[in-house]
Amino acid sequence: MNSKAAQDNRSEAQVAARLSSIRIVLINTTHPGNIGATARAMKVMGLRQLHLVAPKVFPSAEATAMASGADDLLQRAVVHDSLESALEGCSLVLGTSARLRSLSMPQMDLRKAAESALAEQHGRDIAILFGMERYGLTNEEIQRCHQLVHIDTNPDYGSLNLAQAVQVMAYELRMAAIGEPGTHVEPSDWAPVDAGQMELFFTHLEQTLLDIQFLNPDQPKRLMARLRRLFNRARPDQNEINILRGILAASQRAAKKDLT
Ligand code: SAH
């Protein structure tokens with residue numbers, strides 16, 4: 001079905017409802033104009049949830065000017081001092097990146113990413129992260145993501161302006177919201193835990209690996225990055241997290257007994 005025909009079958013209210021769980025998260029944005037232009041890019045496509053992590057300047061007249069009628073989104077924007085807080089209640093975290101990284105992460109093309117974001121129907125939000133203008137997402141921020149999304153570009157000149165990257169993503173999300181629903185249906189008894197619970201699990205995992213002397217405290221980074229990627233790929237639900245944490249607690253008890 002082409003998008004015009006599909007749109008005839010779906011009202012704007014239905015499209016907006018499908019897009020309502022999407023959070024656009026801008027991290028450490030330097031130029032307030034980009035925040036305003038992002039609000040505009042979102043509103044024209046029907047997105048409403050703007051989250052800002054430690055913006056350099058906000059609110060600002062420049063942001064309001066660039067928002068040009070989308071300043072209601074700026075007023076409702078939620079400002080966080082940490083990424084962790086911006087991800088609270090999110091079950092899926094997608095990171096956008098202008099280039100490939102050394103520890104390669106699962107990557108999705110933009111269209112698939114938009115479809116998979118819209119296919120999540122667990123009553124939790126989906127976060128799409130956009131990095132700082134100069135450096136993009138840090139490795140630590142990328143480790144919070146389930147998938148990386150790259151907007152295909154000229155390989156010799158592939159870095160879009162931040163708000164323009166949001167615009168392209170927002171358009172694809174709208175197309176996915178208009179398109180046929182239910183092409184990718186998850187099992188009804190599977191609801192992945194949110195980002196906060198995954199962080200608690202990773203902290204517990206790291207501590208256990210130290211306790212059982214598997215993790216070298218002098219060089220912890222690479223191992224934890226790999227394990228994060230593994231468990232983020234698995235997208236565990238609450239039962240599975242309970243089992244894993246039970247195994248960790250039992251390992252810690254056994255290690256303690258061994259030492260005494
Ligand atoms: N120099 C940085 C570019 C940052 S551009 C780098 O090489 O990573 C600012 C943000 O815009 C990026 O963090 C990303 O969120 C988004 N962006 C820019 N170009 C993109 C592309 N081709 N695909 C996906 N996101 C892109």
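In listed order, ligands and their atoms are each counted from 1.
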Purely on distance, is any nitrogen or oxygen of [X] under 3.5 Å from one on ligand 1?
| X | value |
| --- | --- |
| A165 | no |
| I151 | yes |
| L160 | yes |

(message) I'd like to know if R174 pairs up with E115 as an ion pair, taking the criterion as any Lys NZ or Arg NE/NH1/NH2 lying under 4.0 Å from an Asp or Glu carboxylate oxygen.
(response) no
Could you tell me, atom by atom, which parts of ligand 1 come under 4.0 Å of a heavy atom of [X]?
| X | result |
| --- | --- |
| V149 | 24 (C) |
| G136 | 2 (C), 4 (C), 8 (O), 13 (O) |
| G131 | 9 (C), 10 (C), 12 (C), 13 (O), 15 (O) |
| F130 | 15 (O) |
| T153 | 22 (N) |
| S159 | 3 (C), 5 (S), 19 (N) |
| M132 | 4 (C), 9 (C) |
| S97 | 21 (C), 23 (N), 24 (C), 25 (N) |

Is a side-chain N or O of [X] found less than 3.5 angstrom from the main chain of [Y], in a donor-acceptor match?
| X | Y | result |
| --- | --- | --- |
| Q167 | A41 | yes |
| Q14 | S11 | yes |
| S91 | P192 | no |
| H80 | V53 | no |

(request) Start with the C-alpha distance between L50 and L26, add both sets of side-chain angles, then the distance that settles side chain to side chain contact (heavy atoms under 4.5 Å, CB included), and finish with yes or no. (result) CA-CA 8 Å; L50 175 58; L26 304 189; 4.1 Å; yes
(message) Does the plane of the ring in F201 sit parallel, tilted or perpendicular to the ring in F231? Use 30° and 60° as the thresholds.
(response) perpendicular
(request) Take Q197 and Q238 through the test side chain to side chain donor-acceptor pair (under 3.5 Å) and record every step on the way to the result. (result) CA-CA 9 Å; Q197 290 187 66; Q238 190 63 63; 3.2 Å; yes
(request) Any chance you could lay out the side chain to side chain contact (heavy atoms under 4.5 Å, CB included) test for D125 and E120, step after step, and finish with the verdict? (result) CA-CA 9 Å; D125 281 358; E120 291 261 327; over 6 Å; no
(request) Counting heavy atoms only, name the option from Q164, E133, M169, R99 that's nearest to atom 4 (C) of ligand 1. (result) E133
(message) I'd like the name of whichever of R134, E141, H150 reaches closest to atom 2 (C) of ligand 1 through any heavy atom.
(response) R134
With a 4.0 Å heavy-atom cut-off (strictly under), which part of [X] contacts ligand 1: side chain, backbone, both or neither?
| X | answer |
| --- | --- |
| T96 | both |
| A98 | both |
| N161 | neither |

(request) Decide yes or no for S20 and Q49: does some side-chain heavy atom of the first lie under 4.5 Å from some side-chain heavy atom of the second? (result) no
